[in-house]
Each structure stands twice: as structure tokens, then as C-alpha cells.
Amino acid sequence: ADPAVKDDEGVLAYNAASEKTVRDEFRRFRGLYPDQYDYNTAQVPEALTADMEAERQRKKAEKKKAQRQARNKKQKEKKAEEKEKKTAADEKKWYASLSEREKRALAAEQRLQRQKAAVDAGSEGCAWCGRSLSGIVPFCKFDFKYCSTDCVKEHRNDMTRA
């Protein structure tokens, strides 16, 4: 049957097709028999080839894969957030169960750790022997810091030999 023939309501067969599979069949037929009818008058779009269908399937699969990856990523983030909330709640519960004495001891311990970290980050070792300079006033020469005058002398002697 000629696809350019209109029905009683003046609608072409391609335009009357409500399902995509039917419209695709019109396009496949146009690809198989390009000269049989006037497809432009029938308003049938360009022919649908196997390559075009394969490309459509590939794109559909990529889209599904991207959606699945996004969904998995969102689930992982949600699980991590729930785990973090649970850990925080458990920690809060644990802290609440401590006695006042234990709480003060814990606070003192944390304060000492912070002070030690600040001292370690702010001090460097002796430029010659590497001993810690924390708690002493270092000897400075150029950009070097030393723990004793002996280290200053040894480093100077080593630099002049080199």
C-alpha cells in the first residue's frame, strides 16, 4: 500500500502510527525500496539502516551504563554518609558514658597531643647532627640552626674542606 495515501481524516499512514516500532518499520522499508514510492510526499523520514539502529542501541546502552554508575556512586556516598553519622553517634554515646574524671583526663591527653604536634611542626633539627632543637635556643649562622657551638665549628670545617 502506498504510504502517501491519506485516510478518511486526511492523515498519512506514517503520521497515524502511534508506536515507534511501526514508524521505524516505515523507515526500514524506505531503506530497502527507495524508489518504490514518493516517501517525501508520505512524510516518511530518511531510511533507517542497520548501522543507524546499532548506533542507537550503543547510545542507549551507554546512557544506561552512565545512569547505573551515577546511581552506584550516589549509593556509595549515601552509605559513607550513614557510616559517618553512625560513627559520630557512637562516639557521642561513648563520650556520654565516661565519668567526669575520665572526660578531664581525655581532654588533658588531647591537649598534650596538640601541643606536641605544634612543637614538632615548628622545630627543626640541628643542621649538623640532626638533634632536636625543641627546648633550647639554637645557634644560627646564615640559614642554618645548630644545637651547640661545636656543631657550628664542625659544619664550617666540613664546608671549607668541600
*Write down the atom of Ala4, the atom of Thr41, and the distance for their closest heavy-atom approach.*
CB-CG2, 4.2 Å

*Heavy-atom check, side chain of Pro138 versus side chain of Cys147, under 4.5 Å*: no

_Heavy-atom side-chain proximity of Lys20 to Arg23 below 4.5 angstrom_ = yes

_Do Arg71 and Gln75 have side chains that approach each other closer than 4.5 Å (heavy atoms only, starting at C-beta)?_
yes

*asked:* Do the side chains of Glu46 and Arg30 get close enough for a salt bridge, i.e. N-O under 4.0 angstrom?
replied: no

*About how many Å separate CZ of Phe142 and CE of Met159, when rounded to the nearest 0.5 Å?*
8.5 Å

_Is any side-chain heavy atom of Lys6 closer than 4.5 Å to one of Val11?_
no

*asked:* Rounded at 0.5 Å granularity, tell me how far OG in Ser97 sits from CD in Glu102.
replied: 7.5 Å

_Do Arg27 and Pro45 make a side-chain contact, defined as non-hydrogen atoms from C-beta onward lying under 4.5 Å apart?_
yes

*Would you mind checking if Asp51 and Arg56 are paired as a salt bridge, meaning a charged N to carboxylate O distance below 4.0 Å?*
no

*Once you round to the nearest 0.5 Å, how far does CD of Gln36 lie from CG of Asp2?*
9.0 Å

_Cation over ring face, Lys103 and Tyr95, 6.0 Å, 45°_ = yes

_Under 4.5 Å between side-chain heavy atoms, counting indirect links through other Ile/Leu/Val/Met/Phe/Trp/Tyr residues: same cluster for Tyr39 and Leu32 or not?_
yes

*Check Pro34 against Gly31 and note the closest heavy-atom contact, atom names and distance.*
CD-O, 3.8 Å

*Should the ring pair Tyr14 and Phe26 be called parallel, tilted or perpendicular, given that the plane angle runs from 0 to 90° and is split at 30 and 60?*
perpendicular

Under 3.5 Å, which donor-acceptor pairs link side chains of residues 77-94 to any protein atom two or more places apart or in another chain?
unit_1, atom_1, unit_2, atom_2, d
Lys86, NZ, Asp90, OD2, 3.2
Thr87, OG1, Lys83, O, 2.8

*What class does the angle between the rings of Phe29 and Tyr33 fall in, given that below 30° is parallel, 30 to 60° is tilted and above 60° is perpendicular?*
tilted

*Full working for side chain to side chain contact (heavy atoms under 4.5 Å, CB included) between Asp158 and Trp128*: CA-CA 10 Å; Asp158 188 54; Trp128 180 248; 3.6 Å; yes

_More than 12 heavy atoms of other residues, nucleotides or ligands under 6.0 Å from CD of Glu19: yes or no?_
no

*Are Val44 and Val22 linked, directly or through other ILVMFWY residues, by side chains that come within less than 4.5 angstrom of each other?*
yes

*Which word best sums up how the rings of His155 and Phe144 line up, parallel for under 30°, tilted for 30 to 60°, or perpendicular for over 60°?*
perpendicular

*Taking only residues two or more places apart in sequence or in another chain, which ones pass side chain to side chain donor-acceptor pair (under 3.5 Å) with Glu55?*
Arg58

*Under 4.0 Å between a Lys/Arg side-chain N and an Asp/Glu carboxylate O for Glu25 and Arg28?*
yes

*Would you give the length of the straight line joining atom CG of Leu12 to atom CD of Gln43, rounded to the nearest 0.5 angstrom?*
5.0 Å

*Between CZ of Arg104 and CG of Leu98, what distance do you get to the nearest 0.5 Å?*
12.0 Å

